[in-house]
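Notes for the one structure printed next.
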Amino acid sequence: MSSDAHVDVLIVGAGISGIGAAWHLLHRCPGRTFTILEGRDDIGGTWDLFRYPGVRSDSDMHTLGYEFRPWEADDAIADGPAIMQYLRDTVAEEGIGPHIRFGHRVTTADWSGADARWTVRATDPDGTEVVLTANYLFVCAGYYSYRHGYTPDIPGLDRFTGPVVHPQEWPEDLEIDGRRIVVIGSGATAMTLVPALAERGARVTMLQRSPTYVISRPRVDRVAIALRRILPAKVAYRITRFKNTTLQQFFYRRARERPEEAKAHLLGRVAEELPGVDIATHFTPSYAPWDQRICLVPDGDLFAAIRSGRVDVVTDRIDHVDEA
């Protein structure tokens, strides 16, 4: 075990939140010392971990991105590699890299009221225990388990003779073209994965226990592009960010205050996209809008995949899986 120095702030995780926290410490608290402990070998968190086809943001990058760094790509709904490049540029240009310790997995964090400090233990890449102390512990580790993704207990799944794949552990050499694929679930990952698999030549069934609210939004923010043509990048970004956050807050409040009106609007939009589909069964949740998250579909790609005949939606409970 080695004992490493004391820092004012200890950040856990070098994803979007951890990198953002580091920037604020560097620029708003320049006299404070800090270290970032990252359990993996690279920055990015979710955006480095997830490699499944079509991985993308599920909100626009003008609001998911940093207030201090304009998002200047045309695609407001961005794919994983574009987000990773944005993060790499931020780390490199803002001098955050030297503060990151990779391969340091935090094991315990203990607070001492008498000493007014945290004692944090982690293992380094060699498996050696490292001990750090800090006045403030900032946990930016997200909500995924990076050791293994959650898999429900599905009877008979171990008997299935085909490949069983978790999006969090997507194999690079998996053949997709011409295969019949069942995607279990209809959350944000499924909404991304299903049209991407269909585009790559698969015949896909999205099997959901219950429906999710879905809404289509343009992949490209044309207002943002127009503003960048006539204004400095930072000014255009601030206006776009204000526009998007204000609209999001407005629609959220409206949905909470008038849930039936919001529900009718959302389902009406889906019905326009999918004529002939049983919207009541497959796209009408049992809860009010924003009781759970609403899934974003850029440029209606999921709806287009369903209309093409390459994607089916089945709403039911799984009894069991057999060999075939």
Side-chain angles (χ1 to χ4, degrees), residues 52-60 75-77 79 152 154 157 160 162 164-167 176-220 247-248 251-252 254-256 258-322 324:
Y52 59 81
V55 60
R56 58 166 173 81
S57 61
D58 54 359
S59 60
D60 73 277
D75 283 354
I77 310 301
D79 63 21
I154 299 174
L157 191 62
F160 181 60
V164 178
V165 179
H166 195 289
I176 296 173
D177 187 21
R179 303 194 84 153
R180 294 168 56 206
I181 301 176
V182 176
V183 175
I184 299 175
S186 58
T189 300
M191 296 293 175
T192 302
L193 186 57
V194 167
L197 293 173
E199 184 180 358
R200 287 160 174 75
R203 185 72 173 80
V204 187
T205 298
M206 184 172 76
L207 174 58
Q208 59 181 4
R209 183 172 53 185
S210 59
T212 302
Y213 285 111
V214 187
I215 189 166
S216 176
R217 285 284 184 264
R219 188 181 300 272
V220 172
L247 287 173
Q248 289 168 11
F251 287 124
Y252 174 80
R254 190 66 175 260
R256 303 308 288 166
R258 303 180 183 180
E260 290 304 317
E261 181 182 299
K263 179 178 180 178
H265 173 73
L266 290 167
L267 298 183
R269 293 281 297 273
V270 175
E272 291 174 3
E273 294 273 8
L274 298 174
V277 172
D278 184 354
I279 303 301
T281 298
H282 302 307
F283 288 94
T284 304
S286 59
Y287 52 88
W290 282 116
D291 279 355
Q292 298 181 29
R293 290 180 62 186
I294 294 175
C295 284
L296 176 65
V297 177
D299 292 337
D301 58 359
L302 174 69
F303 303 136
I306 294 172
R307 291 195 302 267
S308 74
R310 298 204 65 84
V311 171
D312 294 315
V313 181
V314 174
T315 305
D316 210 337
R317 292 177 175 270
I318 298 172
D319 179 77
H320 69 279
V321 176
D322 62 25

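What you see is a predicted model; the values in this text were computed from it and never measured.
The minimum heavy-atom distance between Pro289 and Pro259, with the atom names listed, is CD-O, 3.8 Å. Residues Thr315 and Thr281 approach most closely at OG1-O, 3.6 Å, considering heavy atoms. In terms of heavy-atom proximity, Gly185 sits nearest to Met206 at O-CG, 3.4 Å.
Judged by distance alone, the side chain of Arg307 and the main-chain N or O of Glu273 form a donor-acceptor pair under 3.5 Å. With hydrogens and angles disregarded, a donor-acceptor distance shorter than 3.5 Å links the side chain of Asp299 to the backbone of Arg219. Side chain of Thr284 to main chain of Ile279: a donor-acceptor pair is present (N/O by atom type, distance under 3.5 Å, no hydrogens or angles). Listed for the Asp322 side chain is a donor-acceptor partner under 3.5 Å among the backbone atoms of Ala324. Looking at Ser57, its side chain does come within 3.5 Å of a backbone N or O of Ser59 through a donor-acceptor pair. In this structure, the side chain of Arg310 engages the main chain of Ala202 through a donor-acceptor pair within 3.5 Å.
Using a 3.5 Å distance cut-off with no hydrogens or angles, the side chains of Thr212 and Ser186 do pair a donor with an acceptor. With no hydrogens or angles considered, no side-chain donor-acceptor pair links Gln208 and Asp316 at under 3.5 Å.
Interatomic distance, Ser216 OG to Glu272 CD, rounded to the nearest 0.5 Å: 11.0 Å. We find the CD1-CG distance between Ile184 and Leu157 to be 6.5 Å, quoted to the nearest 0.5 Å. Atom CG of Asp278 is separated from atom CZ of Phe283 by 10.0 Å, given to the nearest 0.5 angstrom. Note: Met191 CE to Leu193 CG = 11.5 Å, rounded to the nearest 0.5 Å. With values rounded to the nearest 0.5 angstrom, Arg203 atom CZ is found 9.0 Å from Arg180 atom CZ. Annotation: the span from His265 atom NE2 to Phe251 atom CZ amounts to 6.5 Å, rounded to 0.5 Å.
Asp75 places a side-chain heavy atom less than 4.5 Å from the side chain of Val220. The shortest distance between side-chain heavy atoms of Pro53 and Arg200 falls below 4.5 Å. At a threshold of 4.5 Å between non-hydrogen side-chain atoms, the residues Asp79 and Val55 do not count as touching.
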task: Decide yes or no on side-chain contact (heavy atoms from CB on, under 4.5 Å) for Leu197 and Val183, but give the supporting numbers first.
output: CA-CA 10 Å; Leu197 293 173; Val183 175; 3.9 Å; yes
- prompt: Going through the checks in order, is the side-chain contact (heavy atoms from CB on, under 4.5 Å) test met by Val214 and Ile294?
  reply: CA-CA 6 Å; Val214 187; Ile294 294 175; over 6 Å; no
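Salt bridge status for Asp291 with Arg256: present, with a side-chain N to carboxylate O gap under 4.0 Å. Under a 4.0 Å N-O distance rule, the pair Asp60/Arg217 does not qualify as a salt bridge. Using a 4.0 Å cut-off between charged side-chain N and carboxylate O, Arg293 and Asp58 make a salt bridge.
The side chain to side chain contact (heavy atoms under 4.5 Å, CB included) test with Val182 is passed by exactly one of Asp312, Ile318, Leu207: Leu207.
Separation of the Tyr287 and Tyr213 ring centroids falls under the 6.0 Å cut-off.
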